[in-house]
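These notes are about the structure you will find just below.
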2 protein chains.
Amino acid sequence: MATAQKTFENLPDEKRERVLSEATREFADHGYHQASVNRIVGRLGIAKGSLFKYFGNKQGLFEYLFGHAVSQFKRPLKEIRDTPSGDFFERMYMSLMAGVDFIDAHPLIYRIYLKMLFQENFPMRETFLTEVRQASTKYLRALIADGKESGQLRNDLDPEMAVFHCNAIMDRFLQSYAMPSLDGDTLSDKADRTTIETKARAVTEFIRHGLGNPS
Amino acid sequence: MATAQKTFENLPDEKRERVLSEATREFADHGYHQASVNRIVGRLGIAKGSLFKYFGNKQGLFEYLFGHAVSQFKRPLKEIRDTPSGDFFERMYMSLMAGVDFIDAHPLIYRIYLKMLFQENFPMRETFLTEVRQASTKYLRALIADGKESGQLRNDLDPEMAVFHCNAIMDRFLQSYAMPSLDGDTLSDKADRTTIETKARAVTEFIRHGLGNPS
DNA sequence: GGTAATGGTGACCAGGTGGTCACTTTTGTA
DNA sequence: TACAAAAGTGACCACCTGGTCACCATTACC
């Protein structure tokens with residue numbers, strides 16, 4: 001497999017990106033099983049054999065493409081966690097907007113991720129999702145522990161439920177942003193950045209009331 | 001089509017239920033496109049032609065099965081809304097538990113619904129989802145308006161965002177209940193009813209802090 | 001110019017899909 | 001018992017799928 005991918009990596013940048021982007025679009029539109037290799041090569045105008053030389057098989061193509069994209073997702077979150085700024089709610093807001101930025105940059109990848117969430121039979125699903133889940137939980141736990149210590153969050157807070165609430169609200173916010181049909185018009189207009197920021201602030205305030213110290 | 005379904009409705013109850021339950025399982029396990037009519041009839045031990053006599057085609061089977069289940073879902077929610085009890089948060093709690101009960105009664109149907117949410121190409125998807133969404137939004141808007149009037153909710157609350165927050169928290173709660181893998185161990189043990197009730201109470205309290213009047 | 005390595009091709013394959021229909025079996029009725 | 005209506009059957013169909021591989025084209029190197 002390493003040799004086969006080598007072939008792909010030797011390709012001119014332009015072609016490599018075209019292949020990846022067309023394949024990503026196909027998976028985002030149809031999920032894994034319903035995605036068609038024939039359609040991909042058809043749109044690319046290359047022979048089917050080429051794709052199989054590059055990636056071995058359909059699953060190889062998917063794993064390459066998805067793994068590539070995931071690595072880009074981890075960086076911005078780490079930056080936020082490592083930011084020395086102590087304000088819990090500001091960090092929440094920044095995490096929200098980091099998600100928005102990621103979706104803007106890779107809308108198709110995010111759609112694939114959403115499908116993966118609820119459609120059991122993706123390749124690598126279990127492996128990948130547990131990784132994401134653990135990372136996100138660990139990230140939020142650290143932030144919440146921080147917030148409690150600094151007195152920004154209630155003392156009687158159950159950390160596990162707090163993680164659950166933050167996860168729920170943040171995920172749904174991003175889901176609505178990526179798929180406006182989920183919540184009607186509440187988050188519909190992608191183009192208007194300031195509207196999104198306002199909504200993100202409102203969500204942050206909701207969390208502040210829900211978790212914050214009423215002092 | 002009406003004549004064809006007549007044939008199915010004339011069947012002995014036991015067989016009719018077996019057909020429906022086996023088909024439901026197949027769709028819940030594999031989604032719509034990946035579901036196989038061959039597997040269904042194989043497990044049922046009947047000829048393929050029979051299924052097509054009953055429902056015309058694959059989509060007919062799915063619509064029949066899903067529409068049937070959906071009608072059962074609307075009843076309990078209506079009961080809660082029509083309950084004269086005025087307490088907003090108690091109603092939230094009851095809605096949560098009504099969802100839990102529905103999932104316990106029809107776990108496969110709920111899994112199909114979740115797949116439908118994020119996998120665009122189900123038949124009837126748009127029609128059905130907008131119906132659900134509008135119903136749920138309308139339901140929550142009424143409850144929230146009620147809660148504001150009675151002074152249980154803040155005056156400065158933006159109703160649309162409040163609807164969004166309630167929807168987000170409640171949906172995620174039910175999703176975690178139906179698919180424990182979503183939130184790690186937070187809601188894992190289905191068997192323990194009192195644990196679920198406690199979590200539902202905690203969620204209600206979170207909403208109370210987030211939306212409630214701090215008086 | 002010769003030659004080897006690499007990239008690219010598309011007809012072809014086995015297997016699965018939803019769907020059909022001429023046919024047989026069972027049932028209800030008089 | 002006779003006959004019609006309804007239920008049930010499974011071989012068959014066209015189509016699409018992921019995947020293969022013998023062959024061709026292009027490039028790089030001496």
- Give the C-alpha distance, both sets of side-chain angles, the deciding distance and a yes or no for side chain to side chain contact (heavy atoms under 4.5 Å, CB included) between B:Leu174 and B:Phe102. CA-CA 10 Å; B:Leu174 295 178; B:Phe102 180 81; over 6 Å; no
- Atom NZ of B:Lys6 and atom P of D:dA6 are separated, to the nearest Å, by 8 Å
- Message: The criterion is side-chain contact (heavy atoms from CB on, under 4.5 Å); which residues satisfy it with A:Asp13, sequence neighbours excluded?
- Response: A:Arg16, A:Glu17
- Query: Can you check whether B:Asn10 has a side-chain N or O nearer than 4.0 Å to OP1 or OP2 of D:dA6?
  - Reply: no
- Please state whether the phosphate of D:dG8, meaning OP1 or OP2, lies under 4.0 angstrom from any side-chain nitrogen or oxygen of B:Tyr54. yes
- Item | salt bridge (Lys or Arg N to Asp or Glu O under 4.0 Å) contacts in which one or both residues fall within residues 93-102 of chain A, not counting sequence neighbours | A:Asp101-A:Arg193
- Task: Classify every nucleotide of nucleotides 16-30 of chain C by which part a protein heavy atom approaches to under 4.0 Å, writing B for the base, S for the sugar-phosphate alone and - for neither, in 5'-to-3' order.
- Result: -SBBBB---------
- Message: B:Glu90: which residues meet the salt bridge (Lys or Arg N to Asp or Glu O under 4.0 Å) condition with it, sequence neighbours left out?
- Response: B:Arg201
- Task: Taking side-chain contact (heavy atoms from CB on, under 4.5 Å) as the test, write out the residues that go with A:Thr130, two or more places apart.
- Result: A:Glu126, A:Arg133
- Distance below 4.0 Å between B:Thr7 side-chain N/O and D:dA7 OP1 or OP2: yes
- By salt bridge (Lys or Arg N to Asp or Glu O under 4.0 Å) - contacts of A:Asp146 (at least two apart): A:Arg91
- Please list residues of residues 11-31 of chain A whose heavy atoms come under 4.0 Å from any atom in DNA chain C, ordered by number; otherwise none. A:Leu11, A:Lys15
- Item | Distance in angstrom units between A:Phe55 CZ and C:dG7 P, rounded | 13 Å
- Message: Can you list everything that forms a ring pair (Phe, Tyr, Trp, His ring centres under 6.0 Å) with A:Phe128? Sequence neighbours excluded, please.
- Response: A:Phe66
- Task: Using the test salt bridge (Lys or Arg N to Asp or Glu O under 4.0 Å), find all partners of A:Glu63 that sit at least two apart in sequence or belong to another chain.
- Result: none
